[in-house]
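Working notes, structure below.
The residues of the chain are indexed from 1 along the displayed sequence. Since we're looking at a predicted model, the values are computed, not measured.
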Amino acid sequence: VQLQASGGGLVQAGGSLRLSCTASGFNLGYYAAVWFRQAPGKEREGVSCISSSDGSTYYADSVKGRFTISRDNGKNTVYLQMNSLKPEDTAVYYCATDFVAGCRAFVAGNAEIFDYWGQGTEVTVSS
């Protein structure tokens, strides 16, 4: 079971990035997938979640209207499209999943319940 996150980089404020999280060793389409982020000196923050059952999506208030989570089951990949980026979006972004927990756990702020994590991809937004 492996998750590979990619797509991070340096972008100016107002710009866009698309993060990818590709799974190997299992079918990610069967499970909820989440994105978390952690900025230097700050606690980990849940960013977004997409369910497996009906594709419902959930977002942190700080990214609503700017970020979009989606999935391509044929590519075994979940994406995070990030638009109108702000300096405060600077962080390492991690994707995660779990074979039991769904987006309810994400909404409840229970990051620890997600067992499988990607390695993180760094996003830096300059002002």
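Considering only heavy atoms from C-beta on, C95 stays 4.5 Å or farther from V78 through its side chain. Two residues are said to be in side-chain contact when any heavy atoms from C-beta on lie closer than 4.5 Å; M82 and Y93 meet this criterion. By the 4.5 Å heavy-atom criterion applied to side chains, D72 and Y79 are counted as neighbours.
Considering all non-hydrogen atoms of both residues, Y59 and T68 come closest at OH-CA, 3.3 Å. Considering all non-hydrogen atoms of both residues, F106 and S48 come closest at CZ-N, 3.3 Å.
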Listing, residues 8-34 side-chain donor-acceptor contacts under 3.5 Å, not counting sequence neighbours, or none:
from : atom 1 : to  : atom 2 : distance (Å)
S16  : OG     : N83 : OD1    : 2.9
T22  : OG1    : T77 : OG1    : 2.9
N27  : OD1    : G29 : N      : 2.9

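The line from CD1 of I50 to CH2 of W35 is 12.0 Å long, rounded to the nearest 0.5 Å. Atom OG1 of residue T121 and atom CZ of residue R37 lie 14.0 Å apart, to the nearest 0.5 angstrom. A distance of 7.0 Å separates OH of Y116 from CG of D98, quoted to the nearest 0.5 Å. Here CZ of R104 is found 8.0 Å from OH of Y58. Values are rounded to the nearest 0.5 Å. Atom CD in Q38 sits 10.5 Å away from atom CD in E45 (nearest 0.5 Å).
Under a hydrophobic clustering in which Ile, Leu, Val, Met, Phe, Trp and Tyr are joined whenever their side-chain heavy atoms come within less than 4.5 Å, directly or via other members, I69 and L85 fall into the same cluster. L80 and V125 fall within the same hydrophobic cluster, defined by Ile, Leu, Val, Met, Phe, Trp and Tyr side-chain heavy atoms under 4.5 Å apart, directly or through other members. The same ILVMFWY cluster, assembled from side-chain heavy atoms under 4.5 Å apart, contains both V107 and F36.
Looking only at distances, a side-chain donor or acceptor of Q119 sits under 3.5 Å from a matching main-chain atom of A5. Of the possible polar contacts, one joining the S51 side chain to the S56 backbone as a donor-acceptor pair under 3.5 Å is found.
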Worked check of salt bridge (Lys or Arg N to Asp or Glu O under 4.0 Å) between K64 and D61: CA-CA 5 Å; K64 276 181 184 176; D61 288 343; 3.2 Å; yes

Chi angles and distances behind the side-chain hydrogen bond (donor to acceptor under 3.5 Å, both in side chains) call for S62, E88: CA-CA 10 Å; S62 58; E88 51 263 44; over 6 Å; no

